[in-house]
Amino acid sequence: QVQLVESGGGLVQAGGSLRLSCAASGIILSVNVMNWYRQAPGKQRELAATITWGGSTNYADSVKGRFTISRDNAKNTVFLQMNNVKPEDTAVYYCNADIRTWGVTGFKNYWGPGTQVTVSS
């Protein structure tokens, strides 16, 4: 069973910084794209940042210039460096990845349970 577990969430002041991590564990053959989604109460879940195995990145306009996504392929881990955070960044942040394992053909999409980020004004 492949699992994704986020860490690093918490309470932070506006203008501050936070670094989220997400590690994939289990029988992993390959990890393709890894993503950070977020969902605020009453809002739709949105893709905040994405990164390919080779390191190509894309960001939502709302976080561009403030957040940086990166990954450590050797550790099957993805990070989200959140700088100059704003109250509107408050959300549950979810790790998401396409992973190939022993039991399935091709890649399967997995989700972490989420970690709460709260930005105070």
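- Within the 3.5 Å criterion, the main-chain N or O of Cys95 finds a donor-acceptor partner in the side chain of Glu6.
- Thr101 has its side chain within reach of Tyr110: a pair of non-hydrogen atoms, C-beta onward, lies under 4.5 Å apart.
- Contact check for Val78 versus Val31: no side-chain heavy atoms found under the 4.5 Å cut-off.
- Within the structure, every pair that satisfies the salt bridge (Lys or Arg N to Asp or Glu O under 4.0 Å) test and touches residues 25-40, not counting sequence neighbours, is listed here: Arg38-Glu46, Arg38-Asp89.
- Residues Val63 and Ala48 share a closest heavy-atom pair of CG2-O, 3.4 Å.
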Side-chain donor-acceptor distances from residues 51-60 under 3.5 Å, at least two apart:
{"unit_1": "Thr52", "atom_1": "OG1", "unit_2": "Gly54", "atom_2": "N", "d": "3.4"}
{"unit_1": "Thr52", "atom_1": "OG1", "unit_2": "Gly55", "atom_2": "N", "d": "3.3"}
{"unit_1": "Thr52", "atom_1": "OG1", "unit_2": "Ser56", "atom_2": "N", "d": "3.0"}
{"unit_1": "Tyr59", "atom_1": "OH", "unit_2": "Ile69", "atom_2": "N", "d": "2.9"}

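- A donor-acceptor pair under 3.5 Å is absent between the side-chain atoms of Arg100 and the main chain of Leu29, judged by distance alone.
- The two residues Phe107 and Asp98 have their closest heavy-atom pair at CD2-O, 3.6 Å.
- Relative orientation of the Trp111 and Tyr94 rings is perpendicular, given thresholds of 30° and 60° on the angle between their planes.
- A heavy-atom distance below 4.5 Å is not found between the side chains of Val5 and Ser25.
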Scan the side chains in residues 113-121 for donor-acceptor partners under 3.5 Å anywhere in the protein, sequence neighbours excluded, and list what turns up.
{"unit_1": "Thr115", "atom_1": "OG1", "unit_2": "Gly9", "atom_2": "N", "d": "3.4"}
{"unit_1": "Gln116", "atom_1": "NE2", "unit_2": "Ala91", "atom_2": "O", "d": "3.4"}
{"unit_1": "Gln116", "atom_1": "NE2", "unit_2": "Thr118", "atom_2": "OG1", "d": "3.4"}
{"unit_1": "Ser120", "atom_1": "OG", "unit_2": "Gln13", "atom_2": "OE1", "d": "2.1"}

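- Contact check for Val12 versus Met82: no side-chain heavy atoms found under the 4.5 Å cut-off.
- Looking at every heavy atom in both residues, Leu47 comes nearest to Ala49 through CD1-O, 3.5 Å.
- Residues Ile99 and Ile27 are members of separate hydrophobic clusters, defined by side-chain heavy-atom contacts under 4.5 angstrom among Ile, Leu, Val, Met, Phe, Trp and Tyr.
- The CZ atom of Phe79 sits 13.0 Å away from the OG1 atom of Thr68 when rounded to the nearest 0.5 Å.
- Residues Leu4 and Leu20 share a hydrophobic cluster, clusters being chains of Ile/Leu/Val/Met/Phe/Trp/Tyr side chains in contact below 4.5 Å.
- The two residues Gly10 and Leu18 make their nearest non-hydrogen contact at N-CD2, 4.1 Å.
- Rounding to the nearest 0.5 Å gives a distance of 12.0 Å between CE of Met34 and CG of Leu80.
- Considering only heavy atoms from C-beta on, Cys22 stays 4.5 Å or farther from Tyr93 through its side chain.
- In terms of heavy-atom proximity, Trp36 sits nearest to Ser21 at CH2-O, 3.6 Å.
- In the model, Asn96 has a side-chain atom that pairs as donor or acceptor with a side-chain atom of Asn35 under 3.5 Å.
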